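Beneath this line is the structure, given in structure tokens, with notes to follow.
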Amino acid sequence: MFYKICENGIFETDREEWEKSGSGAAVFDEEEWSGELRLQEEFSLGSKEKDVFFCKLEPHVSYLYGSFHVPVKKKEKRSFDFVVYILKDRLIFVEEESFISDRICKLQQRIFQDKYTIDKFLDDFFMILMEDDILYLASLEREIADLEEIILQGDTAHFNYRMLAIKKEISRLYCYYSQMADASELLSGEKKGCGNFSERVKRLQSEVVSLREYAMQVQDVYQAEISIHQNNVMKFLTVVTTICLPLTLIAGWYGMNFYNMPELSWQYGYPVVSGISLLVVIVCLWFFKKKKFF
């Protein structure tokens, strides 16, 4: 597809008009681009790279070459890859599906200003790539907040698996925005009208850093809850051990079975020792209750 970019906006056109226009954009799929030998030779352009897993923008003598991997979000089914050749008055996109064309159609409906330029189009295009990203980051923040609330309620089951998935997603987004930040710096240096895109990337990168710190804080809360639970278990075991210790002493004392121990032949020896043991248990429980051990 071919688009003419002029002062009044973006207009779909044909190949002949696109070549004659002062500035414009073209979108090819891989098969179409592989057949554009004349266009490739005219601008000294290469073919699309395979298996793009990163975002980068490289300066060349007469153009900028960019390969972009837009990561998948949870509401989307797959990631999107495309490359772009940025010349002085031309933009050439190569993609597998209709990802770029759909974004350009959105831009056509949103332009309400005069003196529209190709630099402004680039800025708007990269801005629209990230228009819903802040909402996605907000959803990740809500997931972390929900995990924190669940932890504070005492439910720590499957926390590590859920937090690991969130931290991997945050790490993936941080890598993506870091690469886009590098590309935006180069693009804003070459195209003066792309400052909004650079600012947007920096804000999103800062938001991801905040999410990573928040996730670490929730991880610390989880560790604190685990420590509290372990302390409660140790406190219970300490209480049980302390109660059983004097009973063990009594049992060991009267288990010596010396011949001259008068309690062994006393008629009330057994009930008296049993009563003493019960009294020891009651006194220990009262003491721990008073000290608020439980």
Side-chain angles (χ1 to χ4, degrees), residues 71-75 133-178 204-258 261-294:
V72 62
K73 310 296 192 305
K74 288 186 177 179
K75 64 179 181 180
D133 286 22
I134 192 65
L135 300 179
Y136 181 63
L137 295 180
S139 68
L140 287 179
E141 185 176 9
R142 285 195 297 271
E143 287 187 32
I144 298 174
D146 291 341
L147 275 180
E148 184 178 23
E149 185 176 352
I150 291 174
I151 291 172
L152 294 177
Q153 292 174 354
D155 184 8
T156 58
H158 308 297
F159 170 82
N160 285 326
Y161 295 102
R162 297 177 62 182
M163 179 55 73
L164 177 61
I166 293 176
K167 290 171 70 175
K168 288 175 65 177
E169 180 68 8
I170 291 175
S171 177
R172 186 171 68 100
L173 291 174
Y174 180 78
C175 182
Y176 167 60
Y177 291 128
S178 296
L204 291 173
Q205 188 179 24
S206 176
E207 184 67 22
V208 171
V209 172
S210 298
L211 283 180
R212 184 166 60 179
E213 293 175 354
Y214 186 22
M216 294 301 297
Q217 293 175 3
V218 174
Q219 186 82 30
D220 292 340
V221 172
Y222 168 74
Q223 294 296 335
E225 287 294 322
I226 293 296
S227 298
I228 292 173
H229 177 71
Q230 291 176 345
N231 290 338
N232 291 334
V233 172
M234 293 303 298
K235 184 186 295 185
F236 174 77
L237 293 177
T238 301
V239 170
V240 172
T241 302
T242 305
I243 292 175
C244 293
L245 184 61
L247 301 181
T248 304
L249 177 62
I250 293 174
W253 185 269
Y254 286 101
M256 291 185 293
N257 293 325
F258 286 123
M261 293 180 67
E263 293 86 351
L264 295 178
S265 58
W266 186 28
Q267 180 181 359
Y268 303 102
Y270 178 76
V272 168
V273 172
S274 298
I276 292 174
S277 299
L278 180 61
L279 179 63
V280 169
V281 172
I282 294 174
V283 171
C284 289
L285 290 176
W286 171 82
F287 175 79
F288 288 129
K289 185 68 176 180
K290 183 177 180 181
K291 296 297 184 179
K292 298 181 179 180
F293 274 39
F294 58 87

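A quick note: this is a predicted structure, and the numbers were derived from the prediction, not measured.
Between Glu225 and Leu152, the closest side-chain pair of non-hydrogen atoms falls below 4.5 Å. Residues Val218 and Phe159 have side chains in contact (heavy-atom distance under 4.5 Å, counting atoms from C-beta outward). Between Phe287 and Thr242, every side-chain heavy-atom pair lies at or beyond the 4.5 Å cut-off. Residues Val281 and Ser277 are not in side-chain contact: their nearest non-hydrogen atoms beyond the backbone lie 4.5 Å or more apart. Residues Glu213 and Val209 meet the side-chain proximity criterion, which asks for heavy atoms closer than 4.5 Å.
Take Ile134 and apply the side chain to side chain contact (heavy atoms under 4.5 Å, CB included) test, not counting sequence neighbours, and it matches Leu204, Glu207. In this structure Leu245 satisfies the side chain to side chain contact (heavy atoms under 4.5 Å, CB included) test with no other residue, sequence neighbours excluded. Listed by chain and number, the residues in a side chain to side chain contact (heavy atoms under 4.5 Å, CB included) with Val240 are Phe236, Cys244 (sequence neighbours excluded).
The CD1 atom of Ile170 sits 8.5 Å away from atom CG of Leu137, with the distance rounded to the nearest 0.5 Å. Atoms CG and CE, on Asn231 and Met234 in that order, are 8.5 Å from each other to the nearest 0.5 Å. Taking CE from Met216 and CG from Leu211, the interatomic distance works out to 13.5 Å, rounded to the nearest 0.5 Å. Atom CE of residue Met163 and atom CD1 of residue Ile144 lie 5.5 Å apart, to the nearest 0.5 angstrom. Going from atom OH of Tyr214 over to atom CG of Leu147 covers 9.0 Å, rounded to the nearest 0.5 Å. Interatomic distance, Ile166 CD1 to Tyr161 OH, rounded to the nearest 0.5 Å: 15.5 Å.
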Query raised in the report: Run the side chain to side chain contact (heavy atoms under 4.5 Å, CB included) check on Cys284 and Val280 step by step: do they pass?
Result: CA-CA 6 Å; Cys284 289; Val280 169; 4.2 Å; yes
Query raised in the report: Does the side-chain hydrogen bond (donor to acceptor under 3.5 Å, both in side chains) test come out yes or no for Glu169 and Tyr136, once each step is laid out?
Result: CA-CA 11 Å; Glu169 180 68 8; Tyr136 181 63; 2.5 Å; yes
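At least one donor-acceptor pair under 3.5 Å links the side chain of Ser178 to the backbone N or O of Tyr174.
For the 3.5 Å distance criterion, the side chains of Glu148 and Tyr222 fail to qualify, holding no donor opposite an acceptor.
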